[in-house]
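What follows is a single structure, written as structure tokens, with notes after it.
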Amino acid sequence: MQTETTLDTYEDLLQAIVANDGGREISDPATGEVVGRAPEHTTADLDAAVDAARAAQPAWAALGHEERSAFLNRAADAVERSAEALARLLSREQGKPLNGPNARFEVGACAAWLRATASFELRPEVLVDDGESRAELHYRPLGVVGAIGPWNWPMMISVWQLAPALRMGNAVVVKPSEYTPLSVLALAAVINQELPAGVLSVVSGGRGVGERLAAHPGIDKVMFTGSTATGKAIIRSSADTVKRLTLELGGNDAGIVLPDADPAAIAEGLFWGAFINTGQTCAALKRLYVHEDIYDAVCDALVGFAGQMPMGVGLEEQNVLGPLQNKAQFDIVADLVQAAKDSGARVLLGGEPEAGQPGYFYPTTLVADIDNDNPLVAREQFGPALPIIKYSSVEEAITMANGLDVGLGASVWSSDPAKAREVAARIEAGTVWINKHGAVDPRVPFGGAKASGYGLEFGVEGLKGLGAPQVISY
Ligand code: NAD
């Protein structure tokens, strides 16, 4: 354990994590410039990390909750000391701007989640105490937790996985997305200034390393955030070792605007609900259902707000929207919007990427008069293109919202909270927000319904997911 930070400048941070030779080139999705070379770890490196984690875990578990929480708080301090360096690296590798709900916000959330996770109280539950017998429910550490993450919020989602795992007395091996390994390596390097050796490590490899991790006999649980297809592959690879799984998978969140909503008042919330991180967010608003009485007014208000939000290179302070993180995602968004246009849907804003510029920029796009079965509605676009579907009865809107096999988040927009709650209760999603969308809170459990996954993150429920329940009965 080191005591003095040396990782508070961008240059030092990068120096500490990049591969000296070999590795894989990582380039800035906004400019194409090289950010650095990421080490390309192998399954042998993964095995070594798991061995080190198994060796370190018993002493970590023996510290107890209070001491481990103190470590998490010191880790949060370290993240805050390196916050600007971390945000710059995140911005360059992921593409998200420094400002708006983006890179600086994400690094701030890492510190906030570490502190919140340190603060929760988890006491044994007394289940029966009737004078004849007593039964208590305890949570023991699981052992070693594998954390596999995506490229959209690489630092924050890593913290969502590692903080509760560490708090519960587990060691953690993280496998970041191959698109954003530097961000996660940097975050772990900063946090590891405070943690005992071996308790937290990062294996920066590709899909093969992820597959091995999901099947590894030395891993007791996998925390996975990513696509539903990969989630299913992880269920299969983890079956032989009967691993515990928390799966936060893809979504296609619906928002329903009721006829009594005020278009001008909700436009900003709708916009950020859909376009946070340039639409590359699991629980972003991806299909907007608007009642016919206020359809045109909501479309106009959204166009008015969206048209003023600057998109560009992340390190330029004025920008609040950035590029798509990678070419594959850019192509998905471009193809879906093209299909919508070909079907006769009406593009209100954007819809045409500028040719010949560097970077994977797709303009902020709003598409109206689109059918519910159009691919831009039915598939997860994961980018800055929002379809706006007109409905005439609330029943019809609820049926359309529930019509897909995913259910991560959803939202209802109305001037009448009681009416909104009634509709919310009928939507098949893990979270339904009212007059906001995607607002996560470290104290409030978060998880998906249907094929959006299972298991809960955050809060005391999240801690329980990283422990082995044990009943002690006498
Ligand atoms: P992805 O599934 O392609 O990759 C995620 C991770 O899984 C990467 O680290 C990848 O290397 C690894 N991986 C790939 N194949 C694997 C395998 N067979 N076994 C083990 N690991 C494997 O997802 P992505 O494209 O990085 O992320 C975008 C998706 O993630 C979207 O669908 C989005 O909705 C979802 N997401 C969900 C949440 C949530 O909380 N529910 C949050 C963020 C993103």
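Just follow the structure's listing: the first ligand is 1, and inside any ligand the first atom is 1. Predicted, not measured: the structure shown is a model, and the values here were computed from it.
Not counting sequence neighbours, E354 has no partner by the salt bridge (Lys or Arg N to Asp or Glu O under 4.0 Å) test. By the side-chain contact (heavy atoms from CB on, under 4.5 Å) test, R115 pairs with N73, A76, D77, E80, sequence neighbours left out. Among residues two or more places apart in sequence or in another chain, the salt bridge (Lys or Arg N to Asp or Glu O under 4.0 Å) test is passed with K390 by none.
Considering every non-hydrogen atom in both G198 and A56, the closest pair reads C-CB, 3.7 Å.
Classification of the W160-W113 ring pair by plane angle, with boundaries at 30° and 60°, yields tilted.
Under a 3.5 Å cut-off, the side chain of K96 and the backbone N or O of I276 do not form any donor-acceptor pair.
Within 4.0 Å of ligand 1, the residues that place a heavy atom are I148, G149, P150, W151, N152, I157, K175, P176, S177, E178, R207, G210, E211, F224, T225, G226, S227, T230, A233, I234, E248, L249, G250, G251, C282, E380, F382, L408, F446, listed by chain and number.
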